[in-house]
Every structure is written in C-alpha cells, then in structure tokens.
Amino acid sequence: MIIAFINEKGDPAPWREVLTEEVPGLDFRVWPDEVTDPAEIDIAVVALPPPGLLKTFPNLKAILSMWAGVESMLLDPDLPRDVPIGRLVDRAMTRDMMHHAVHWVLHYHRDAHRYAEQQRHGKWKSIPYPEAAERRVGIMGLGALGGAAARALSDLGFTVAGWANNPKSIDDVEVFLGTDGLIPFLQRTDILVSLLPLTPATEGLINRTTLAHLPKGAFIINAGRGASVIDEDLIESLDSGHIARASLDVFHTEPLPADNPYWNHSKVDLTPHVASHTTPRTAGREVAQDIRLVAAGKKPRNLVKLDRGY
Ligand code: GLV
C-alpha cells in the first residue's frame with residue numbers, strides 16, 4: 001500500500017512513525033514533496049485537503065480523514081464521489097470531547113462564571129444551585145462524541161436528552177428525533193451542548209427561532225461546528241438575557257478574526273477549537289486499522305455518506 005499524507009498544517013513525523021509501525025510494509029509519502037506519481041497512491045490520509053487535489057489521484061481505493069468532521073472536504077466539487085471516505089472516530093478524541101462537555105456543563109451548573117465575577121468585586125456570597133437531576137442537559141448530535149457526552153452527563157446525575165436524526169438507545173437518555181423532535185427537545189433543555197456535524201441540515205440550525213424555544217436563562221455549549229450557529233441571533237439572545245451564557249469552541253472563521261464581537265462579549269466563554277484534538281498516537285491506530293481493511297479489499301469503518309453529509 002502506498003499512502004499520501006495530505007495535511008499541510010500537520011507534522012507528518014508522528015504519523016509516519018505510528019502508521020509504518022502498525023502497517024508493516026506501508027509506503028508513506030508526504031504530499032506534495034514525496035508524491036512524484038499520483039497514479040501510485042492507493043490511499044489518501046487527509047486533513048483539510050485543498051479542493052481539487054483528490055481528483056488528481058486516479059487510483060485511490062479510499063480517503064481516510066484525520067479529522068472527525070469532513071464537511072470542508074465534501075464541499076470540494078471535484079471530490080471523487082466513488083471513492084469510499086472514512087471519518088475519524090478515536091477513543092481518545094471521544095473522551096476529550098466528553099471532558100469538554102462535562103467541564104462546561106459543570107462550570108455553568110455550579111456558577112463558576114458568577115463566582116469569577118464575584119471575586120473580581122471582592123464579594124463573598126453563596127449562590128444556590130439546583131440538584132443535578134433538576135438541570136436538563138440536551139445534547140445535539142448523538143454520534144460517537146455526543147453519545148459519550150450524554151452517557152457521562154447522565155452518570156453525573158443530570159437529566160439528559162439527545163437530539164438525533166436516527167433512533168439511538170442510551171440508558172437513561174431520552175432521544176428526540178428529527179424535525180418533529182427538535183422543538184420539544186429545545187423546550188426541555190436548560191444546557192444545550194451542540195456536537196453536531198456540519199451538513200446542509202445543521203447549518204444555521206441554532207438561530208433566532210430555535211433559540212427562542214429554549215427556556216429563559218439557558219446555556220449553550222458549542223463544540224461541533226461554528227456554522228451551526230447564526231452568530232447575530234446568538235448575540236441578540238445573549239444581549240436580551242434569554243440565553244444566559246455561551247461556551248464557544250468553534251467558529252465560522254478560524255482563527256476567529258480580531259474584530260469578531262465574540263472576543264469581547266461578557267457572556268461568551270471562548271476557546272480556540274481545542275475541545276478535542278487528533279493525537280497521532282491514538283488516531284494513527286484507527287487510521288492504520290482502516291488501511292489494513294482497505295488493503296484486504298474491504299471498506300473503511302465509519303463510512304461517510306455523501307447524501308447525508310457526514
Ligand atoms: C475537529 O474539529 C475534527 O473534526 O476533527
């Protein structure tokens with residue numbers, strides 16, 4: 001197997017190490033320097049490949065993503081549509097995302113933001129908080145990441161529901177489905193965690209209308225994709241007090257431009273797309289497993305379905 005590593009911002013060295021160790025005989029070529037004949041490449045292992053590039057490899061058997069989210073690749077009008085694409089699902093990444101969701105839910109549940117403000121004013125005052133079971137957490141997207149977050153938050157005692165496209169079963173987690181389930185899901189959600197992939201159906205889904213269905217004082221945690229949110233609508237809901245506070249890790253444009261109003265918004269907790277990272281040591285083993293499957297004439301796991309967009 002000859003693979004092309006296509007990741008202009010990533011360091012190929014740790015990937016070369018783990019993939020060649022996991023797949024004996026693997027020929028690992030870093031694009032562009034080490035790819036002299038694109039026809040030789042069997043598999044492209046990619047993160048944010050430049051549009052138009054993948055079609056220049058005529059003999060690809062698979063495309064394997066080093067990212068969980070593949071939306072930017074799917075926007076490539078020249079994406080070879082008959083080549084199977086595998087999305088990254090990695091235990092370490094799933095665990096880190098679960099930590100991020102748990103961290104921010106606990107942060108808001110136990111008023112960490114209000115104590116930080118009180119400290120700035122030298123104020124000693126305890127704030128009553130509801131029992132965890134009275135705090136209704138709602139997870140949008142119940143895939144690998146959202147499912148793990150839902151389980152962990154439910155284990156911590158929160159009343160957890162999820163919103164998904166397809167039926168899922170998670171102990172003690174009520175699942176709301178599709179368009180019909182959206183409004184009832186929002187109406188019962190005090191802390192909304194979005195781990196949605198970006199697809200035509202989820203773009204702009206968190207907007208003035210949907211935000212209005214959340215109870216007054218709800219919190220938003222977005223670690224899925226920035227474009228799921230209409231920023232002006234969220235800012236308006238924060239300013240009116242309908243939404244209490246938002247933790248945002250992902251944005252329409254990253255890095256977030258210096259003049260973006262989120263930077264200085266007093267009700268926004270901003271992190272620079274760090275909720276969960278791809279770590280070559282663990283993710284490399286997942287990619288290696290798919291390389292072995294493809295070498296054996298099989299398809300990668302976690303196949304992207306082009307019609308649903310993830
Ligand atoms: C990160 O956002 C990813 O999609 O892996």
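Note that ligands are numbered from 1 as they come in the structure, with each ligand's atoms numbered from 1 the same way.
Residue Arg225 approaches ligand 1 through these ligand atoms, each under 4.0 Å from one of its heavy atoms: 1 (C), 2 (O), 3 (C), 4 (O). Within ligand 1, counting atoms from 1 as listed, the ones closer than 4.0 Å to a heavy atom of Met93 are 5 (O).
The shortest N or O to N or O distance between Gly69 and ligand 1 is below 3.5 Å.
We find the NE2-OG1 distance between His100 and Thr271 to be 4.5 Å, quoted to the nearest 0.5 Å.
Contact analysis leaves His277 out of contact with ligand 1, as no non-hydrogen atom separation drops below 4.0 angstrom.
At a heavy-atom cutoff of 4.0 Å, ligand 1 is contacted by no atom of Arg87, backbone or side chain. Contacts of His273 with ligand 1, taken as heavy-atom pairs under 4.0 Å, involve the side chain alone.
Arg292 places a side-chain N or O within 3.5 Å of a backbone atom of Glu22 that can act as its donor or acceptor partner.
Taking the six-membered ring for Trp and the full ring otherwise, His107 and Phe219 have centroids separated by 6.0 Å or more.
Tyr262 and Asp231 share a donor-acceptor pair across their side chains, judged by distance under 3.5 Å alone.
With contacts defined as side-chain heavy-atom distances shorter than 4.5 Å, the pair Val287/Trp15 qualifies.
With hydrogens left out, the protein atom closest to atom 3 (C) of ligand 1 is Ala68 N, 3.4 Å, a heavy atom.
Taking the charged nitrogens against the carboxylate oxygens, Arg114 and Glu117 have no contact shorter than 4.0 Å, which rules out a salt bridge.
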